[in-house]
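Sequence lines set the chain letters: A, B, ... in the order given, protein chains first and strands last, and positions in each chain run from 1.
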Amino acid sequence: MTVEDSDQVAQRRANLEELKKLGVEAYPRRFDPQASIEEIVRAHGGKTREELEASPITGRTAGRVLAIRSFGKANFLVLSDGRSKIQVYIRQDALSARDFSIYKLLDFGDWVGVEGKLFRTKTNELTIWASQLEFLAKCLLPLPEKWHGLQDVEIRYRQRYLDLIVNPDSRRVFEVRSRVVAAVREFLIGRGFLEVETPMMQAVPGGALARPFVTHHNALDMKLYMRIAPELYLKRLTVGGIERVFEINRNFRNEGISTQHNPEFTMLEFYWAFADYHDLMALTEELLPGVARAATGTDEVPYGDATISLKAPFRRLSLREAAREAASKTLGAEIPAGALRSREAAASIASRLGVEVAPAMGAGKITAEIFETLCEAELVQPTFVYDFPTEVSPLSKQKPDDPDTVERFELYIAGVEIANAFSELNDPAEQRRRFEEQLRQRAGGDDEAHAMDEDYVRALEYGMPPAGGEGVGIDRLVMLLTDSPSIRDVILFPLMRPKAGATHGSPVDE
RNA sequence: GGGCCGCUAGCUCAAUUGGCAGAGCAGCAGACUCUUAAUCUGCGGGUUGAAGGUUCGAUUCCUUCGCGGCUCACCA
């Protein structure tokens, strides 16, 4: 039996028909609430019974019916606007016969508008004593149970609207998310950054090492890629003289799905002319605690069993040193400094650690693998991991005294990479060499290696100012700030495999 | 893609060794003029994710498939 033909739905349809017979419009055009439920509760929730009697207040609001408690001639509704709830007292002798008939035909989930004086019941609950009841929309399908709510995570993700109706915590997560994005914008705009939008569909997908989604433009008959990063476009804008620029938008990567990965995810990227990666660390130490306070009220957030302090300064850890120390500890033998610089030594250490080494991987990539395997999960409190091998960083600027190392850091919190930043490579000749090296990697079977982008190199030839650039995973930041274990908990409509027979989202224009 | 786990009424969950598929909430009928998980009385509600197999008999055991969760790999 499907939901749609259950007896409960038949009953709801019958109640709707009864309403129509009474001359009640089933789907009226509008209602004019004087205030939302949230606003009424905020404005008057602190008033005592005596205060409400002394200076009567009329409330006019609307919401979804989440509970009905009936006593014959005296009845209570609970209305919700998704954030707050308010009780409505439905008394037969206070309402017109029509309005009381509407009450009797209500089902859980229906939308109604009410008007009446605010008072406190014997049990001291703020309540609207309804003098008017308007029917606003029918809920034809039964809602999840009122006490346990909706537990089935699959339905929570597929039918987010149900989750939002019955699980206030879910609503809270997306309100925090909205405040995070707003706070990031405010922070950057306040420091002179210009917000822009760059192409989501690109002929050459670049700016990250990842596999793209492919699509096709009919009129131009050309292959297009959903972007994996906005990086190369934003840096073109710094060439154009936009010295501080940022974008908050979606990236698309055709890779696995996990608690930390959704195929489309939201990224902040910003570029700051005349700054380097040290400046970016300092800015990040301001940005994150500020955003946390704006979104949640605190910069010390619970996450799982841990309490994460986002207060500056963050710990700093050299990637090679972290990998060397962790490997020494795991193997029980001190690895000499510099050993990870040699491919032979690095490969030997990796194989002893059980880290897989592909033939095309150089010392740098092997070191990065060792770091990810041994260290990542241990970095619970905010930690800048800095100075990456050049091999894994084709767009970053080298250190002046060490061409095998670039000025790059990643910020780890709760074992997860939250941000990735570097001093931007702006030497076109060196950039071309890096792209060519990536092409060799690609020829060697690495289909995540970076593609050549001739126009980007040309842009650098016009002169890009020295700049620092950083990407921050907004979804992961929101996970952290809402204590959410899965990225799907912070994305309203995460990608799900369609159910067999489902028509939702099927293409109609082919 | 691999491994492990799950899928039973609208929702949340039971069901002993393989032996009549149940409860609470929701729904329906009734009582009740301040309840708040309201209460009380009575009544309906199932292709146990799908298809096969074993068996006198399958929610239970076996096979395949679907969807999901966790995890490993890849990645941010």
Side-chain angles (χ1 to χ4, degrees), chain A residues 1-12 14-15 49 66-78 85-94 107-109 119-127 129 139-158 162 165-166 207-211 228-229 251-269 355-356 358 368-369 372-373 376 392 410-412 416-420 446-448 471-477 479 485-488 494 496-502:
Chain A
M1 161 128 37
T2 62
V3 183
E4 284 73 14
D5 53 31
S6 72
D7 59 344
Q8 303 210 27
V9 174
Q11 183 58 44
R12 283 164 181 263
N15 284 345
R49 175 179 296 121
L66 284 194
I68 302 173
R69 292 185 283 272
S70 164
F71 297 85
K73 290 171 184 153
N75 311 273
F76 296 91
L77 299 178
V78 175
K85 295 175 182 174
I86 196 163
Q87 180 168 262
V88 178
Y89 184 42
I90 301 281
R91 198 175 146 127
Q92 186 165 6
D93 61 15
D107 289 298
F108 291 138
F119 75 110
R120 285 194 179 273
T121 62
K122 282 178 184 168
T123 50
N124 210 35
E125 173 145 355
L126 183 68
T127 302
W129 192 313
C139 178
L140 287 170
L141 303 178
L143 291 181
E145 197 217 14
K146 61 183 175 185
W147 184 242
H148 296 93
L150 184 61
Q151 302 294 328
D152 185 327
V153 291
E154 181 174 354
I155 298 177
R156 288 186 50 217
Y157 298 152
R158 286 186 192 276
L162 287 180
I165 290 169
V166 301
L209 307 180
R211 280 197 296 272
I228 54 176
N251 289 345
F252 306 87
R253 298 190 186 173
N254 206 341
E255 289 160 355
I257 295 175
S258 77
T259 50
Q260 288 164 36
H261 302 84
N262 193 63
E264 54 177 307
F265 63 101
T266 300
M267 184 92 137
L268 159 70
E269 280 200 17
V355 173
E356 245 182 90
E369 289 288 328
E372 284 173 20
T373 305
E376 246 183 48
V392 295
E410 290 183 347
L411 173 63
Y412 284 86
V416 171
E417 181 189 335
I418 297 285
N420 177 22
D446 183 354
D447 52 5
E448 291 180 4
V472 178
I474 295 294
D475 311 273
R476 289 180 174 180
L477 181 58
M479 285 170 67
S486 169
I487 198 169
R488 291 169 165 191
M496 302 285 279
R497 195 189 298 268
K499 291 282 234 187

note: A/I257, atom CD1; B/G2, atom C1'; distance rounded to Å ~ 16 Å
Applying a 4.0 Å non-hydrogen cut-off, can you work out what A/N254 is touching in the nucleic acid: base, sugar-phosphate, or nothing? nothing
**Asked** Going by ring centres under 5.5 Å and near-parallel planes (under 30°), is A/F108 stacked on B/A26?
**Response** no
| side-chain N/O A/T259 vs B/U71 OP1/OP2, d < 4.0 Å | yes
(message) Between A/R91 and B/C34, is there a contact of a side-chain N or O with OP1 or OP2 at under 4.0 Å?
(response) no
Taking a pair to mean Watson-Crick or G-U wobble geometry with both distances below 3.5 Å, B/C70 pairs with B/G3
(request) With P as the reference atom in both, quote the distance from B/G42 to B/C5 in angstrom, rounded to an integer. (result) 43 Å
Any strand, both distances under 3.5 Å, Watson-Crick or G-U wobble: B/A21 pairs with none
Exercise for the section: Kindly say whether, by distance alone, the side chain of A/Q87 makes a donor-acceptor pair under 3.5 Å with the base of B/U35? Expected result: yes
Here the distance between atom P of B/C25 and atom CD1 of A/I68, to the nearest Å, is 16 Å
Atom CG of A/L77 and atom P of B/C34 are separated, to the nearest Å, by 16 Å
Can you say whether a donor on the side chain of A/Q8 sits under 3.5 Å from an acceptor on the base of B/A26, or the other way round?
yes
Q: Using a cut-off of strictly less than 4.0 Å, decide whether A/R497 has a side-chain nitrogen or oxygen near OP1 or OP2 of B/C67.
A: yes
| said: Say we look at B/U47 and B/C72: how far apart would their C1' atoms be, to the nearest angstrom? | reply: 37 Å
For atom C1', what is the distance between B/G46 and B/A21, given to the nearest Å? 8 Å
With the side chain defined as heavy atoms from C-beta on, A/W147 is closest, among B/A37, B/C28, B/C32, to B/A37
A/E369 has its side chain closest, among B/C28, B/C74, B/C34, to B/C74
Separation of B/C70 atom P from A/Q260 atom CD, nearest Å, is 11 Å
*asked:* Check whether A/D475 reaches the backbone of A/T266 with its side chain - one donor and one acceptor, N or O, closer than 3.5 Å.
replied: yes
Ranking B/C28, B/C74, B/C34 by distance to the side chain of A/Q11, first place goes to B/C28
So, OP1 or OP2 of B/G27: does either fall under 4.0 Å of a side-chain N or O from A/R12?
no
Of the listed B/U12, B/C32, B/U35, the closest approach to the A/F76 side chain comes from B/U35
Between CD of A/Q151 and C1' of B/G6 the distance, given in whole Å, is 15 Å
Checklist entry - Roughly how far apart, to the nearest Å, are B/C70 and B/C28 at atom P? => result 37 Å
Using Watson-Crick geometry (N1-N3 plus N6-O4 or O6-N4) or G-U wobble (N1-O2, O6-N3), each under 3.5 Å, B/G46 is paired with none
Between CD of A/E376 and P of B/C72 the distance, given in whole Å, is 11 Å
message = Taking B/G3 as the reference, what is the distance to B/G18 when you measure between their P atoms (whole Å, please)?
response = 26 Å
Which whole number of Å gives the distance between the C1' atom of B/C43 and that of B/A9? 15 Å
Taking a pair to mean Watson-Crick or G-U wobble geometry with both distances below 3.5 Å, B/C40 pairs with B/G30
In whole angstroms, the gap separating C1' of B/U33 from CZ of A/F71 amounts to 9 Å
* For B/A50 and B/G68, measure between their C1' atoms and round to the nearest Å. => 15 Å
Check: A/R69 side chain, A/V78 main-chain N or O, donor-acceptor pair, under 3.5 Å = no
From CD of A/E145 across to P of B/G27 the rounded distance in Å is 11 Å
With distance as the sole test, does A/E255 use its side chain to make a donor-acceptor pair with the main-chain N or O of A/R211 at under 3.5 Å? yes
- Message: Under 4.0 Å from OP1 or OP2 of B/U35: is there any side-chain N or O of A/R69 that close?
- Response: no
When only distance counts, do a donor and an acceptor, one from the side chain of A/D7 and one from the base of B/G27, lie under 3.5 Å apart? no
Might you confirm whether atom CD of A/E154 has over 12 heavy atoms from other residues, nucleotides or ligands at distances under 6.0 Å?
yes
